[in-house]
There are 2 protein chains.
Amino acid sequence: MGRQDRRTMPLFPIGIVQSLTDLSARQIRYYEEHGLIHPARTGSNRRLFSFEDVDRLLEIKELIDKGVNLAGIKEMMAQKEVRASTLKSEHNESENVKKDLSDRELREMLKQEIFEAGRLNKASLRQGELSRFFH
Amino acid sequence: MGRQDRRTMPLFPIGIVQSLTDLSARQIRYYEEHGLIHPARTGSNRRLFSFEDVDRLLEIKELIDKGVNLAGIKEMMAQKEVRASTLKSEHNESENVKKDLSDRELREMLKQEIFEAGRLNKASLRQGELSRFFH
DNA sequence: CAATAGATGTTAGGTTTTTTAACATATATT
DNA sequence: AATATATGTTAAAAAACCTAACATCTATTG
């Protein structure tokens with residue numbers, strides 16, 4: 001939960017996001033207009049982007065560079081969403097299993113999870129996604 | 001090196017830092033004026049704060065809340081600096097030692113380092129420092 | 001080929017944020 | 001009582017951001 005908050009916490013105004021993604025403000029707003037991203041807003045209507053938003057923009061940019069049009073990108077994002085929630089529900093199943101384990105086993109699994117987190121972190125640096133880069 | 005860049009990369013305008021730290025802009029600028037933080041500037045002279053800067057501000061805030069005055073905080077920061085560079089040079093020594101190890105040993109140490117990174121991460125969540133929170 | 005749709009650039013006018021500098025205030029120290 | 005410290009408040013200018021409109025370029029389609 002905490003980790004999700006961090007990925008989705010609104011932090012960056014559009015200017016920072018421009019320099020982070022090398023996209024123009026026009027492009028960023030256009031992608032929002034077409035539902036590819038959903039940045040938060042401040043009380044005074046400024047856009048505020050999370051790490052997750054910036055990640056999505058970087059993915060969008062890559063696909064744009066490959067010649068994929070917005071419809072295609074939208075579709076790919078949607079499919080990715082499906083895959084993610086599938087994985088999540090699978091993960092939840094294994095979480096339920098955990099409920100029946102002994103303390104010792106739990107501690108062992110926790111150690112392993114922390115280790116895996118670190119390992120994944122390292123591995124993901126290669127694919128240039130920002131929030132992973134920053135986590 | 002990459003990790004250092006991430007901690008020190010200028011990302012946040014002062015407005016975000018205000019909401020992140022619950023300090024007033026006046027306070028933040030005053031602390032800069034007195035050398036407690038050194039935020040970067042954009043080409044157009046706006047302050048841009050890194051995770052490290054925000055961390056420092058959170059530390060400053062804690063000390064302020066404890067009644068420490070700026071001179072005291074400055075001193076504590078300086079001492080902390082000394083401790084950090086001591087640790088760093090110690091770390092460098094152990095890095096030098098590594099140069100003479102076998103591949104197998106190197107791989108083992110790397111695993112251990114990654115694990116430690118994860119462990120430290122967890123532990124530090126309690127003390128409310130932002131960049132650790134986000135790493 | 002002409003018309004249309006998609007993606008981005010550019011411009012204009014208005015609002016918000018940030019900056020520095022100055023002055024005000026409250027509290028602690030001398 | 002005077003001074004120093006820390007912060008608030010205000011003003012004016014510069015920069016960033018907002019929406020909306022119009023322009024341009026490219027690809028597709030009739």
Side-chain angles (χ1 to χ4, degrees), chain A residues 9-54 56-79, chain B residues 9-54 56-78 130:
Chain A
M9 184 173 183
L11 288 174
F12 309 110
I14 199 169
I16 300 291
V17 177
Q18 284 187 67
S19 63
L20 246 30
T21 61
D22 269 304
L23 292 167
S24 69
R26 182 69 167 91
Q27 286 176 296
I28 296 171
R29 296 194 189 107
Y30 187 73
Y31 301 154
E32 179 190 20
E33 196 179 328
H34 288 71
L36 294 182
I37 50 172
H38 308 281
R41 297 284 180 133
T42 68
S44 64
N45 202 35
R46 259 78 180 139
R47 270 168 266 255
L48 272 193
F49 298 77
S50 65
F51 279 117
E52 197 166 75
D53 292 323
V54 179
R56 283 178 80 93
L57 285 172
L58 288 173
E59 292 179 44
I60 291 168
K61 186 186 162 70
E62 275 191 29
L63 292 171
I64 289 280
D65 289 348
K66 287 179 187 162
V68 182
N69 67 10
L70 284 214
I73 296 176
K74 204 177 220 167
E75 187 57 30
M76 296 183 68
M77 301 286 233
Q79 301 216 356
Chain B
M9 183 173 184
L11 289 174
F12 308 111
I14 199 168
I16 299 290
V17 177
Q18 284 187 66
S19 63
L20 246 29
T21 61
D22 269 303
L23 292 167
S24 70
R26 184 68 167 91
Q27 285 177 295
I28 296 171
R29 297 195 189 104
Y30 187 73
Y31 301 154
E32 179 189 21
E33 195 179 328
H34 288 72
L36 295 183
I37 50 172
H38 308 282
R41 297 285 179 133
T42 68
S44 64
N45 202 35
R46 260 79 181 138
R47 272 167 263 254
L48 272 193
F49 299 77
S50 65
F51 278 117
E52 196 166 76
D53 292 324
V54 179
R56 283 178 81 95
L57 285 171
L58 288 173
E59 291 179 45
I60 291 169
K61 187 186 161 72
E62 275 191 29
L63 292 171
I64 290 280
D65 288 349
K66 286 180 186 162
V68 182
N69 66 11
L70 285 212
I73 296 175
K74 203 177 219 166
E75 186 57 31
M76 296 182 67
M77 301 284 235
L130 189 79

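Letters go in sequence order (proteins before strands), and every chain restarts at 1.
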Fill in the blank from the handout: For B:K61 and B:D22 the tightest heavy-atom approach is NZ-O, 3.5 Å
Fill in the blank from the handout: Rounded to the nearest 0.5 angstrom, the CD1-OH distance for A:I64 and A:Y31 is 4.0 Å
Fill in the blank from the handout: Value for CD (A:E59) from CG (A:L36), rounded to nearest 0.5 Å, stands at 11.0 Å
Practice task
Check the angle between the aromatic planes of A:F51 and B:F51 and answer parallel, tilted or perpendicular using the 30° and 60° thresholds.
Solution key: parallel
Practice task
Take atom CG of A:L36 and atom P of C:dT8, then tell me their distance rounded to the nearest Å.
Solution key: 10 Å
Practice task
In sequence, state the C-alpha distance, the side-chain angles, and the governing distance for A:R29 and A:I14, and then conclude on side-chain contact (heavy atoms from CB on, under 4.5 Å).
Solution key: CA-CA 9 Å; A:R29 296 194 189 107; A:I14 199 169; 4.0 Å; yes
Problem - Any A:Y30 side-chain nitrogen or oxygen under 4.0 Å from OP1 or OP2 of C:dA7 - result: yes
Handout entry: Contact summary for A:I60 and A:M77, nearest pair of heavy atoms
Key = CG1-CE, 3.5 Å
Practice task
With rounding to the nearest 0.5 Å, note down the distance linking CZ in B:F49 to CG in B:L20.
Solution key: 11.0 Å
Practice task
Compare every heavy atom of B:T21 with every heavy atom of B:V17, then report the nearest pair and how far apart it is.
Solution key: O-OG1, 2.7 Å
Completion exercise
On a heavy-atom basis, the closest approach of A:E32 and A:P39 is OE2-CG, 3.5 Å
Exercise for the section: Give me the bend of the helix from C:dC1-D:dG30 to C:dT30-D:dA1, using the axes of the five pairs at each end, rounded to 10°. Expected result: 20°
Fill in the blank from the handout: Scanning both residues in full, the closest heavy-atom pair of A:L48 with A:D53 reads O-OD2, 4.2 Å
Practice task
Measure the distance from CD1 on A:I60 to P on C:dA7 and round it to the nearest whole Å.
Solution key: 12 Å
Completion exercise
Contacts of B:R46 meeting side chain to side chain donor-acceptor pair (under 3.5 Å) (sequence neighbours excluded), chain-then-number -> none
Practice task
Would you sort out whether B:I28 and B:I37 count as a side-chain contact (heavy atoms from CB on, under 4.5 Å), showing the intermediate values?
Solution key: CA-CA 9 Å; B:I28 296 171; B:I37 50 172; 4.1 Å; yes
N/O-N/O pairs, protein side and nucleotides 27-30 of chain C side, under 3.5 Å:
none

Practice task
Ignoring backbone atoms, establish whether B:Y31 has a side-chain N or O less than 4.0 Å from OP1 or OP2 of D:dA6.
Solution key: no
Completion exercise
Nucleotide by nucleotide, nucleotides 10-30 of chain D touches protein heavy atoms under 4.0 Å in the pattern (B base, S sugar-phosphate only, - none) ----BBBBSB-----------
Completion exercise
Sorted by chain and residue number, the ring pair (Phe, Tyr, Trp, His ring centres under 6.0 Å) partners of A:H34 (sequence neighbours excluded) come out as A:Y30
Exercise for the section: Could you identify which residues of residues 68-76 of chain B place a heavy atom less than 4.0 Å from some atom of DNA chain C, listed by residue number, or say none? Expected result: none
Problem - Rounded distance (Å) that lies between atom P of C:dA7 and atom CD1 of A:I64 - result: 7 Å
